[in-house]
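Okay, structure first, notes after.
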Amino acid sequence: MAIAKAERLMNLALCLLGTGRPLTKRELRSSIEAYREVGGEDAFNRMFERDKDDLRELGMVIETVESIDGEVGYHAHRDHNQLPPITLDVEEAAALGLAARVWQQARLAGAASGALQKLRAAGMPLAPQEQDSYGALEPRIPAGEAAFEPLMIACRDRRPVTFDYRKSNAARPETRQVEPWALECWRGHWYLAGFDRDRGAERVFRLSRIVGRVRSRGAPFTAPVPDQVAVRESVARWAGEAATSQARIRLRSGSGYPLRARASSVTPRDAEWDELEIPYGHGLDAWLAELGPDVIVLEPAELRDGVLDRLRAVAKG
């Protein structure tokens, strides 16, 4: 429904801008397919008035002109509906370039590339200066997960979604019903923040753990959307980044480099094992369980038990 309305508004805007004279309702209805399909004059009039008001709210200047015969027409002069020149500094242009690269693996890759080319043609300081400064180094934000695009659209259109999600300690996925709020990339992974209807609370989902197709639903949201959605803070909290205590583990040499980067101390014990002290918080057991035989939890006991529970759950299948 949202796509159909957007297409209808675009067609109406093009009709009003593309003519040198005012067009009557009758002419607009005959020119726009969506209006022709509406049954009844009253239904068309209500739809047209809503669409006209929506375009005006978006900033379009639409003039109402009455002819000598008393017939009312509508027109949008191009001179009155032009955007001012777009000016970006180097930092803003670099941010746009990075945002466009998100779409390099998605359906809108061509549209994003075309938009950047138009900005470059208009003199925006985009890629050339950056390439001269950084050479072969180029920041990238991959968006290869199949769930990325449907979830992005659902966040934009405020549509609830349903998908199968496999938690890190589960062998099989379970169905989740979510009101999506925002997507964010953090440490190379995309995360969705939203309201989990089954649990009645905010949750964060890693897109790489979504199994199968994301299904969109037409029902409205049941929970208010926060003014600011702190995806990174939520992920960090669930991943143990907001830790208040320390854990002691043994890590096999040559493995677990992200853990080593977070460690407050690393002490070699022998040729095969190192001992690390790392921040301990919620979600650390899931991270350690992914390392399997390359990690041994020394303390605290509750962390060791959590890792063992996750490994047993996976072993049971």
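Just so it is clear, the structure is predicted and the values come from calculations on it, not from any experiment.
I296 and V307 are not part of a single hydrophobic cluster, where members link through side-chain heavy atoms under 4.5 Å apart. Residues L259 and L298 do not share a hydrophobic cluster, clusters being chains of Ile/Leu/Val/Met/Phe/Trp/Tyr side chains in contact below 4.5 Å. Criterion: ILVMFWY side-chain heavy atoms under 4.5 Å apart, direct or through other members. Under it, M47 and L23 are part of a common hydrophobic cluster.
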inquiry  = Let's go through L303 and Y280 carefully: what are the C-alpha distance in whole Å and the side-chain angles of both, what is the deciding distance for side chain to side chain contact (heavy atoms under 4.5 Å, CB included) to 0.1 Å, and is it a yes or a no?
reply    = CA-CA 9 Å; L303 176 60; Y280 171 41; 3.7 Å; yes

### Task
I would like to know whether E174 and R199 meet salt bridge (charged side-chain N to carboxylate O under 4.0 Å, His left out); could you show each step before the answer?
CA-CA 13 Å; E174 60 179 7; R199 287 150 183 81; 2.8 Å; yes

Candidate pair L28 and K25, rule side chain to side chain contact (heavy atoms under 4.5 Å, CB included), full reasoning: CA-CA 5 Å; L28 289 169; K25 284 186 181 181; 5.6 Å; no

In sequence, state the C-alpha distance, the side-chain angles, and the governing distance for D196 and R176, and then conclude on salt bridge (charged side-chain N to carboxylate O under 4.0 Å, His left out).
CA-CA 7 Å; D196 190 320; R176 311 296 284 267; 2.9 Å; yes

| task | Please step through salt bridge (charged side-chain N to carboxylate O under 4.0 Å, His left out) for the pair D309 and R312, ending with a clear verdict. | result | CA-CA 5 Å; D309 288 343; R312 291 189 186 104; 3.3 Å; yes

| Passes side chain to side chain contact (heavy atoms under 4.5 Å, CB included), R8 versus E33? Steps please. | CA-CA 8 Å; R8 193 174 72 241; E33 182 179 1; over 6 Å; no

What verdict does the side chain to side chain contact (heavy atoms under 4.5 Å, CB included) test give for I62 and L55, after you've listed the backbone C-alpha separation in whole Å, the side-chain angles of each residue and the deciding distance to 0.1 Å?
CA-CA 8 Å; I62 302 175; L55 287 178; 4.0 Å; yes

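Taking both residues in full, the closest heavy atoms of Q246 and P300 are given as O-CD, 4.2 Å, listed atom of the first, atom of the second, then distance. Pairing each heavy atom of L151 with each of L183, the nearest pair is C-CD1, 4.0 Å. The minimum heavy-atom distance linking A182 with C155 is given by the pair N-SG, 3.8 Å. Nearest heavy atoms, G39 versus A43: O-CB, 3.5 Å. Shown here for V266 and P268, the closest heavy-atom pair between the two residues is O-CD, 3.9 Å. Taking each heavy atom of P293 and W273 in turn, the nearest pair found is O-CH2, 3.6 Å.
To the nearest 0.5 Å, atom CG of residue L192 and atom OH of residue Y165 are 9.0 Å apart. The structure places CG of L9 at 10.0 Å from CE of M60, a figure rounded to the nearest 0.5 Å. The CG atom of N11 lies 10.0 Å from the OG atom of S31; values are rounded to the nearest 0.5 Å. Of the inter-residue distances, the one linking I249 atom CD1 with L276 atom CG reads 5.0 Å to the nearest 0.5 angstrom. Distance check, rounded to the nearest 0.5 Å: CG of D54 to CZ of R50 gives 8.5 Å. Note that CG of L311 is 10.0 Å distant from CG of L291, once rounded to the nearest 0.5 Å.
E27 contributes a side-chain N or O that, together with a main-chain N or O of T24, makes up a donor-acceptor pair within less than 3.5 Å. E179 places no side-chain N or O within 3.5 Å of a backbone atom of R159 that could act as its donor or acceptor partner. Side-chain atoms of R29 come within 3.5 Å of backbone atoms of Y35 as a donor-acceptor pair (strictly under, hydrogens ignored). Looking only at distances, a side-chain donor or acceptor of N81 sits under 3.5 Å from a matching main-chain atom of V61.
Classification of R260 and D274 as a salt-bridged pair holds, one side-chain N sitting under 4.0 Å from a carboxylate O. Between E290 and R209 there is a salt bridge, since at least one side-chain N of the basic residue sits less than 4.0 Å from a carboxylate O of the acidic one. Under a 4.0 Å N-O distance rule, the pair R197/E202 does not qualify as a salt bridge. Under the 4.0 Å criterion applied to side-chain N and carboxylate O atoms, K5 and D51 are not assigned as salt-bridge partners.
Counting only residues at least two apart or on different chains, the side chain to side chain donor-acceptor pair (under 3.5 Å) pairs with a member in residues 247-256 are R248-E275, R248-E299, R252-E272, R252-D294. Listed by first and then second residue, the salt bridge (charged side-chain N to carboxylate O under 4.0 Å, His left out) pairs involving residues 56-71 are R26-E71 (not counting sequence neighbours).
In this structure, R203 is not positioned above the aromatic face of F195 in the sense of NZ or CZ being under 6.0 Å from the six-membered ring centre and within 45° of the axis.
Of the N and O atoms on the side chains of R215 and T162, not one donor lies less than 3.5 Å from an acceptor on the other residue. Between S208 and R206, the side chains place a donor N or O and an acceptor N or O closer than 3.5 Å (distance only, hydrogens not considered).
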